[in-house]
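First listed ligand is number 1; within each ligand, the first listed atom is number 1. We number each residue from 1, following the sequence as shown.
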Amino acid sequence: MAERLYRIGALTLTEIPRSHPRYESLLAREHIAEGVRDGITSTQGLIAQGRGEAFDYLIGERTTPAAKAATSAAAAMLLLAKRPALSVNGNVAALIPEGMVELSKALNAPLEVNLFHRTEERVGKIAGLLRSLGAERVLGEDPDETIPGLDHARSKASRGGIYDADVVLIPLEDGDRCEALVRMGKKVIAIDLNPLSRTSRMATVTIVDNIVRAVPNLISFAMELSVTNHRNLQSLIHEYDNRVALRQCVDEIQSHLTKQFR
Ligand code: ATP
């Protein structure tokens with residue numbers, strides 16, 4: 001993390017003191033703004049970040065018990081996958097590129113650059129960033145397949161990555177693509193702060209948490225569960241019900257809000 005702070009510059013460090021009550025949130029804004037300046041994040045990514053922040057505020061900017069349970073089910077699903085793949089878009093690359101590289105190594109899964117507002121230049125920059133951080137398998141620059149049911153620009157996918165994966169992690173994804181991947185028969189794990197989004201409702205497992213908290217938690221669970229037998233991993237997955245979990249997230253938001261004015 002210290003290295004990353006250095007990378008975004010002394011200006012950010014001096015302007016946002018660690019003691020600031022909104023430190024993490026302001027830092028994330030800096031990362032996204034820098035992503036836009038570097039040509040990694042789209043300008044629409046700024047709006048997606050704003051929507052995420054609003055939900056994070058309502059959740060209480062913490063990993064809730066429901067999010068923790070979803071993260072553990074997701075780690076079990078990724079560990080049991082035959083061909084897992086991890087999607088990276090411009091916001092993910094700006095917020096937690098090192099974490100995605102570490103997760104990909106922990107799971108032995110490829111990273112695939114997968115952009116809603118795709119330009120070849122942006123794909124190349126994100127792939128380059130991931131490789132510069134040590135990623136071994138980065139796909140997305142030469143997609144050789146299409147996901148059925150999506151328009152051409154948004155349907156691009158790679159063999160060996162998202163296209164033929166059995167389990168796909170899609171942080172901050174849009175609902176149409178999530179639905180199209182589910183229709184292909186894949187198990188889809190979303191990370192999305194909005195429990196009401198189409199992505200959250202469509203996914204097999206939705207981690208309703210900020211990606212900057214969810215990815216480190218996923219890495220910890222993947223390490224912890226890697227020594228667990230198949231049967232226990234299966235039971236973690238079977239015990240998980242996405243609809244019930246999303247309802248629990250909404251209840252957690254409600255009780256957090258109610259407490260504010262007691
Ligand atoms: P859908 O099509 O699924 O209904 P949407 O139109 O809201 O969703 P986008 O704007 O494409 O989808 O996706 C952004 C999603 O990512 C939003 O639901 C937002 O809450 C979520 N999001 C944004 N920033 C973060 C973050 N840092 N961590 C987790 N989720 C985030």
Side-chain angles (χ1 to χ4, degrees), residues 1 4 8 22-36 40-64 66-68 70-71 74 86-100 103 113-118 122 126 147 149-151 153-156 162 168-183 186 188-219 242-243 245-246 249-250 252-253 256:
M1 194 62 173
R4 181 140 180 78
I8 67 171
R22 311 225 57 74
Y23 177 80
E24 295 296 340
S25 160
L26 294 176
L27 191 63
R29 280 187 191 181
E30 286 300 320
H31 287 153
I32 292 283
E34 197 205 23
V36 173
I40 278 176
T41 308
S42 68
T43 47
Q44 291 86 345
L46 294 165
I47 298 165
Q49 170 68 14
R51 182 178 295 185
E53 268 188 15
F55 278 98
D56 209 7
Y57 210 102
L58 298 178
I59 287 167
E61 293 173 316
R62 71 205 156 112
T63 298
T64 64
K68 204 169 168 196
T71 310
L86 315 178
S87 171
V88 179
N89 67 18
N91 283 48
V92 175
L95 288 172
I96 186 139
E98 299 94 339
M100 291 303 290
L103 183 63
V113 183
N114 167 34
L115 304 183
F116 190 82
H117 302 281
R118 183 183 175 99
R122 216 149 63 76
I126 295 172
I147 297 169
L150 295 174
D151 63 77
R154 309 227 154 99
S155 69
K156 295 185 177 184
I162 291 175
V168 191
L169 175 73
I170 50 162
L172 286 57
E173 183 58 275
D174 101 293
D176 276 0
R177 283 209 294 202
C178 176
E179 186 172 4
L181 292 170
V182 170
R183 265 203 313 265
K186 299 177 190 304
V188 176
I189 299 164
I191 301 176
D192 192 329
L193 277 160
N194 177 3
L196 308 171
S197 75
R198 288 190 57 237
T199 302
S200 291
R201 292 163 186 249
M202 291 300 311
T204 324
V205 174
T206 303
I207 302 170
V208 181
D209 202 0
N210 197 315
I211 189 168
V212 301
R213 297 188 296 267
V215 168
N217 289 339
L218 255 180
I219 295 168
N242 204 46
R243 234 185 124 69
L246 291 179
C249 288
V250 173
E252 282 165 341
I253 290 176
H256 174 67

_Assess the residue pair Leu95 and Gln49 against the criterion (side-chain contact (heavy atoms from CB on, under 4.5 Å)); give the C-alpha distance rounded to whole Å, side-chain angles, the decisive distance to 0.1 Å, and a yes or no._
CA-CA 10 Å; Leu95 288 172; Gln49 170 68 14; 3.7 Å; yes
*Please work out whether any backbone atom (N, CA, C, O) or any side-chain heavy atom from C-beta onward of Asp209 is under 4.0 Å from ligand 1, and answer side chain, backbone, both or neither.*
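Near ligand 1, Asp209 shows its backbone, while the atoms from C-beta on stay back.
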*Would you say Val212 contacts ligand 1, with heavy atoms under 4.0 Å as the rule?*
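No, that is not the case, since the closest heavy atom of the residue is not under 4.0 Å from the ligand.
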*Compute the minimum heavy-atom distance from Asn210 to ligand 1 and say whether it is under 4.0 Å.*
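It does; at least one heavy atom falls under 4.0 Å.
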*From the options Asp174, Ile211, Leu196, select the one whose nearest heavy atom is closest to atom 28 (N) of ligand 1.*
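Among Asp174, Ile211, Leu196, the closest heavy atom to atom 28 (N) of ligand 1 belongs to Ile211.
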*Considering Arg201, Arg51, Gln44, which one's heavy-atom position lies nearest to atom 5 (P) of ligand 1?*
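Residue with the shortest heavy-atom distance to the ligand atom: Arg51.
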_Just to verify, which of Ile170, Leu115, Thr41, Ile40 counts as forming a side-chain contact (heavy atoms from CB on, under 4.5 Å) with Asn89?_
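Between Asn89 and the candidates, side-chain contact (heavy atoms from CB on, under 4.5 Å) is satisfied uniquely by Leu115.
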*Among Ile96, Ile32, Ile211, find the residue that satisfies the side-chain contact (heavy atoms from CB on, under 4.5 Å) test when tested with Asn91.*
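Testing each of Ile96, Ile32, Ile211 against Asn91, the sole residue satisfying side-chain contact (heavy atoms from CB on, under 4.5 Å) is Ile32.
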Provide, to 0.1 Å, the distance between [atom] and the closest protein heavy atom, together with that atom's residue and name.
atom	result
atom 13 (O) of ligand 1	Glu173 O, 3.9 Å
atom 4 (O) of ligand 1	Arg198 N, 2.9 Å
atom 8 (O) of ligand 1	Ser197 CB, 3.9 Å
atom 3 (O) of ligand 1	Thr199 OG1, 2.6 Å
atom 30 (N) of ligand 1	Leu193 N, 3.2 Å
atom 14 (C) of ligand 1	Ala48 CB, 3.9 Å

*Charged N-O contact under 4.0 Å between Arg198 and Asp176*: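 Looking at Asp176 together with Arg198, the answer is yes, because their closest N to O distance falls below 4.0 Å.
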Just jot down the ligand 1 atoms closer than 4.0 angstrom to any heavy atom of [X], in number order.
X	answer
Gly175	1 (P), 2 (O), 3 (O)
Asn194	18 (O), 20 (O)
Gly52	19 (C), 20 (O), 22 (N), 23 (C), 24 (N)

*Can you check salt bridge (Lys or Arg N to Asp or Glu O under 4.0 Å) on Glu53 and Arg29, steps first, answer last?*
CA-CA 9 Å; Glu53 268 188 15; Arg29 280 187 191 181; 2.7 Å; yes
Using only atom types and a distance under 3.5 Å, with no angle test, would you say the side chain of [X] pairs donor to acceptor with the backbone of [Y]?
X	Y	value
Asn242	Thr206	yes
Thr199	Cys178	no
Arg122	His117	yes

*N/O of Asp192 under 3.5 Å from N/O of ligand 1, yes or no?*
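Yes, there is a polar N/O contact under 3.5 Å.
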_Donor-acceptor side-chain pairing of Asn217 and Thr71 below 3.5 angstrom_ =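 Judged by distance alone, the side chains do not pair up.
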_Side-chain touch Met100/Pro171, heavy atoms, less than 4.5 angstrom_ =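 They are in side-chain contact.
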